[in-house]
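Reviewing the structure listed below.
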Amino acid sequence: MPCTRTQAEPNEESHDMDQVRVRFAPSPTGHLHIGGARTAIYNWAFARRHGGDFILRIDDTDPERSTDENTQAILRAMEWLGLDWDEGPGAGGDFGPYFQTQRSELYAQGLVTLQANDAVYPCFCTADELKGRREAAREAGGFAGYDRRCRAIDTEEAAARIARGDEHVWRLAVPLERDDVTFVDAIRGETAFPIGSLDDFILVRSDGTPTYNFATVVDDVAMEISHVVRGDDHLSNTPRQILVFEALGGEVPTFAHLSMIWGADGKRLSKRHGATSVEAYRDLGYLPEAILNYLTLLGWSLDDKTTMIDRDTLVENFSFERVSKNPAVFDTDKLEWMNGVYIREMPVEEFADRMSALLTAQGMLTGAEAEERREWLLKLAPLVSERIKRMDEIPSMVGFFFSDTVEFDDKARKKVLDKAGAGCAMDAVEAVLKGLDTFETESIEAALRDVPEALDLKPRIVFQAVRVALSGSMVSPPLFESIDLLGKEKTLQRLRQARSSATD
RNA sequence: GGCCCGUUAGUCUAGCGGUUGAGGACGCCGCCCUCUCAAGGCGGAGAUCACGGGUUCGAAUCCCGUACGGGCUACCA
């Protein structure tokens with residue numbers, strides 16, 4: 001006899017995979033958050049994997065904090081990450097509008113449906129009363145949700161009070177006789193909530209606007225969402241929402257709850273942890289490919305080895321089965337390393353373009369110069385790309401090529417220019433370079449290699465002195481290449497200039 | 001308080017009952033390369049698989065409990 005399966009397995013097949021429709025529904029009360037971005041990536045990847053639709057819906061029901069500027073920023077960040085949506089702002093679609101503030105009619109209709117189904121009742125309790133009773137209940141131990149007092153008011157009286165203009169909200173009448181609410185989460189497996197632990201929560205506020213748990217379900221039904229993929233801060237909301245789905249007569253989608261992303265201190269990622277928005281990382285010089293790669297693998301794995309993964313491989317392989325259940329700490333060090341890998345892999349032409357754009361934006365180069373010096377920039381590009389982890393490191397690394405004067409940092413002056421032999425080294429190097437006819441990396445190197453021995457100095461002493469003379473710093477791109485790129489005239493001039501403040 | 005979720009090295013993870021004296025990656029340490037810094041190569045330290053019971057010939061893997069962390073319990077989302 002085959003063994004009996006006692007517990008349901010996480011199962012993505014409970015809905016027809018040909019009709020996958022998922023949505024990412026950010027609230028435009030801020031920019032696209034790192035955690036939100038990961039949720040968006042998983043939604044997107046799942047839709048693409050199954051040839052489904054990826055819908056972007058803007059949950060702008062909080063009028064106080066929602067702004068159009070935030071909405072635009074979120075759209076920009078999504079595009080920057082390469083997460084294209086099939087329906088939503090700018091994309092259209094048959095299930096719009098895609099802003100919740102434009103869907104109030106749907107919510108009103110939803111309420112009518114629930115009223116017709118006897119699934120809701122008006123509640124006239126005031127916030128103060130509720131607070132008092134809630135606290136008392138909690139102190140007594142046990143259930144501390146709404147005590148369902150207004151559920152006892154008969155329909156006629158309720159209607160009279162409403163007609164009279166009494167302020168009221170609409171609450172869901174939780175079917176007390178129902179079995180426990182269970183569902184198979186695609187990531188966590190079977191999850192059960194005792195029906196008695198669910199209170200008659202508010203669906204419609206006294207001002208007539210829907211609460212999150214109501215609006216979301218109305219929209220998910222109307223938009224025919226097949227899979228709800230979201231953060232696990234919504235796991236406890238799920239049984240409530242399932243009740244609303246049922247009351248509405250809608251089909252309950254499959255749920256997949258992602259764990260949270262934490263800061264290094266094990267607390268929920270927030271402003272205190274530094275940059276938390278996707279655009280902030282963009283401005284810090286991170287590449288979209290790196291962010292996508294890092295976030296993809298922060299909570300999902302392809303196998304036991306893969307750390308570098310591209311968009312296509314993600315789409316070909318994504319599944320909820322391999323999404324991890326536990327929270328993940330956002331590790332900036334690893335992201336930075338990964339960004340460096342992508343920078344190094346970038347074709348030189350592309351890197352040169354991005355570098356030009358950056359330098360132009362910084363005012364170190366004009367657009368015209370960038371074009372004229374294209375060849376020169378192409379030579380510089382690989383020297384820089386190999387040494388940085390973030391694009392924003394570029395200006396400080398190559399600044400000395402573009403300035404007229406060299407600023408020596410204190411450490412370089414003390415540890416190099418003031419060292420015995422530095423002056424002689426510069427004299428000798430100047431003399432050798434002055435006599436060079438072909439001023440190219442190879443010839444420069446060939447000529448300078450002999451200098452240390454001739455002066456009976458260590459190579460390090462000689463070359464560091466030159467480096468500081470040219471760049472002002474103890475760290476720079478490779479010396480011979482830098483001399484080549486700087487050009488003969490500037491090189492000689494800087495050597496002479498540095499010579500005056502050096503020790504013999 | 002109640003309900004729910006989670007727990008493999010500092011971090012992200014692999015592992016879905018025996019081939020694991022727990023694999024990979026970041027970070028860390030050392031060596032090599034070397035004009036600096038990187039990059040690269042090689043090597044190393046680091047995990048009593050939260051803890052305690054059980055099931056089993058055998059458990060990181062299944063079950064129960066405890067601890068710790070998190071979420072929900074709002075006329076926020």
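For the numbers below, each heavy atom of this structure counts, side chains included, while hydrogens, waters and symmetry mates do not. Below, read A as the first sequence line, B as the second, and so on, with proteins coming before strands; counting in each chain starts at 1.
Partners of A:Glu316 by side-chain contact (heavy atoms from CB on, under 4.5 Å), not counting sequence neighbours, listed by chain and number: A:Asp312. Residues passing the ring-ring contact (aromatic ring centres under 6.0 Å, His included) test with A:Phe245, sequence neighbours excluded: none. By the side-chain contact (heavy atoms from CB on, under 4.5 Å) test, A:Val204 is found to be paired with A:Leu111, A:Trp170, A:Phe214, residues two or more places apart in sequence or in another chain being considered. A:Tyr42 meets the ring-ring contact (aromatic ring centres under 6.0 Å, His included) test with A:Phe318; sequence neighbours excluded. Not counting sequence neighbours, the partners of A:Phe463 by the ring-ring contact (aromatic ring centres under 6.0 Å, His included) test are A:Phe480. When the ring-ring contact (aromatic ring centres under 6.0 Å, His included) test is applied to A:Phe408, no partner is found at least two apart in sequence or on another chain.
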Taking only nitrogen or oxygen atoms into account, show me every contact under 3.5 Å that the protein makes with nucleotides 19-26 of chain B, one pair per line with its distance.
| from | atom 1 | to | atom 2 | distance (Å) |
| --- | --- | --- | --- | --- |
| B:rG23 | N2 | A:Asp304 | O | 3.0 |
| B:rG24 | O2' | A:Lys305 | O | 3.3 |
| B:rA25 | N3 | A:Lys334 | NZ | 3.0 |
| B:rC26 | O2' | A:Lys334 | N | 3.3 |

Listed pairs, N/O of protein and of nucleotides 43-48 of chain B, under 3.5 Å:
none

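Rounded to a whole angstrom, the distance from the C1' atom of B:rG15 to that of B:rG24 is 12 Å.
Here side chain to side chain donor-acceptor pair (under 3.5 Å) pairs that include residues 459-468 of chain A, with residues two or more places apart or in two chains, are A:Gln464-A:Arg467, A:Arg467-A:Ser476.
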Could you give the side-chain donor-acceptor pairs of residues 325-336 of chain A under 3.5 Å, partners two or more places apart or in another chain?
| from | atom 1 | to | atom 2 | distance (Å) |
| --- | --- | --- | --- | --- |
| A:Asn326 | OD1 | A:Ser324 | OG | 3.4 |
| A:Asp331 | OD1 | A:Asp333 | N | 3.1 |
| A:Glu336 | OE2 | A:Arg390 | NE | 2.8 |

Reading 5' to 3' through nucleotides 29-38 of chain B, protein heavy-atom contacts under 4.0 Å coded B for base, S for sugar-phosphate only, - for none: ------BBBB

Report, as a single string ordered 5' to 3', how protein heavy atoms within less than 4.0 Å touch nucleotides 69-77 of chain B: B base, S sugar-phosphate only, - not at all. SSBSBSBSB

